[in-house]
J.: 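Got a structure here, written out as structure tokens. Questions coming.
Just so you know, ligand 1 is whichever comes first in the structure, and atom 1 is the first atom listed for that ligand.
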Amino acid sequence: MTILSAASTGDHVVASRSLYGDTHLLLKRELPRLGIATTLVDPHDAHAWAAAVTPRTRVVLIEMPTNPTLRLFDLGPPRRAARSVGAILAADMTFATPINLRAAEHGVDAVIHSATKYLGGHSDLIAGVVAGSAKLVAGVAEMVKLYGASLDPQTAWLLERGVRTLPARMERHNASALALARWFRTVPGVRRVLHPGLPDHPDHALASSMMSGYGGMVSIVLEGGTEAADRFCRNLRLAAAAPSLGGVETLVSQPRHTSHSDLSAEELEAAGIEPGFVRISVGLEEIRDLQADFAAAASAAATPPP
Ligand SMILES: *Cc1c(COP(=O)(O)O)cnc(C)c1O
């Protein structure tokens, strides 16, 4: 809706290559039907943004931290590229939440959230949020009305209830995810742990300067590759192997089966999704219970069936 309110036939969108799967489809398959073209850029290449914008670029779109490798990048280059041609900078901040990263303070014009995730927080609604100037939001609201993306009253009520506890939930998500990330490094069979709060994460310094919490997502890579990851997910008892994220319950998913199922083995590797990659949305459960569950699943993952 943000893109449709800002761009028309003949216009252009520049977007990060690292996007939620259906956002990618929207840009590459749906918008071209309306005559809106998209150029995708490597978000970590600071020069790529300025090179990609044209006088017809109406929107520069980013997403941060990225799924599922939880990378961050400097918002200066996409912001300056957008400003240079009079485009808006739009940012999907679902993984960051407004508690951990206040994108408007970094010059983002349209702050976008899947409220289905942390804002609702209970995995019982589907909704989206766009925040920005009154003028921008009025334009988006008009598109929402025309295309039918309006919330029903029950969902709006559930979302309002969820948002009331967002700060308290995020405090716990942040603390539990960081504690689990540190602990996972001691678990046999876990080869790699990705979390922006770990000092060896490539964007740890940037995350520390931009975010007030590192978020509730942790990714791990299991020794034993894809079969080990399948066994790990099958052997969980407390955490559920299911898509989505940001709810009170811990959810575990393998990007190669879900968000990145269209990618070839080479493309997965290039996106940093090694064999054995598992993404974890850390919920609000007792951390010792989660550790017991993950330790048992990792042990089962390390033991191939006879
Ligand atoms: C889930 C998700 C979406 C899509 O949101 P829905 O509410 O499921 O339509 C978009 N962006 C990101 C980063 C997401 O995680």
J.: Less than 4.0 Å between atom 9 (O) of ligand 1 and some protein heavy atom, yes or no?
T.: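 Looking at atom 9 (O) of ligand 1, one finds that no protein heavy atom lies closer than 4.0 Å.
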
J.: Among all the protein's non-hydrogen atoms, which is closest to atom 1 (C) of ligand 1, and how far away is it?
T.: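 Minimum-distance protein heavy atom for atom 1 (C) of ligand 1 reads Lys117 NZ, 1.4 Å.
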
J.: Look at ligand 1 and say whether Asp92 reaches it with a heavy atom at a distance under 4.0 Å.
T.: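 Per 4.0 Å heavy-atom rule, Asp92 contacts ligand 1.
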
J.: Does a side chain donor of either His12 or Thr38 reach within less than 3.5 Å of an acceptor in the other side chain?
T.: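 Thr38 and His12 do not have a side-chain donor-acceptor pair below 3.5 Å.
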
J.: For Tyr214 and His204, I'd like to know if the aromatic rings sit close, meaning centre-to-centre distance below 6.0 Å.
T.: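 Yes, ring centres under 6.0 Å apart.
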
J.: Please report which non-hydrogen protein atom sits nearest to atom 5 (O) of ligand 1, along with the residue it belongs to and the distance in Å to one decimal place.
T.: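 Here the closest protein heavy atom is Ser114 OG, 2.9 Å.
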
J.: When you measure from the side chain of His195 to the backbone of Met217, do you find a donor-acceptor pair of N or O atoms at a distance under 3.5 Å?
T.: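 Yes; at least one donor-acceptor contact below 3.5 Å.
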
J.: Does the side chain of Glu63 come under 3.5 Å of the side chain of Ser16 through a donor N or O and an acceptor N or O?
T.: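 No pair is found: no donor N or O on one side chain lies under 3.5 Å from an acceptor on the other.
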
J.: Please state which protein non-hydrogen atom is closest to atom 7 (O) of ligand 1 and give its distance, to 0.1 Å?
T.: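 Here the nearest protein heavy atom works out to Thr116 OG1, 2.5 Å.
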
J.: Number the atoms of ligand 1 from 1 as they appear, then name those within less than 4.0 Å of a heavy atom of Glu63, with their elements.
T.: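 In order of numbering, the contacting atoms are 13 (C).
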
J.: Evaluate whether atom CD of Glu267 has more than 12 neighbouring non-hydrogen atoms of other residues, nucleotides or ligands under 6.0 angstrom away.
T.: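 Correct, the count exceeds 12.
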
J.: Inspect the surroundings of CZ in Arg185 and state if more than 12 heavy atoms from other residues, nucleotides or ligands are less than 6.0 Å away.
T.: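 Result for CZ/Arg185: enclosed.
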
J.: Please work out whether any backbone atom (N, CA, C, O) or any side-chain heavy atom from C-beta onward of Ala127 is under 4.0 Å from ligand 1, and answer side chain, backbone, both or neither.
T.: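 Backbone only.
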
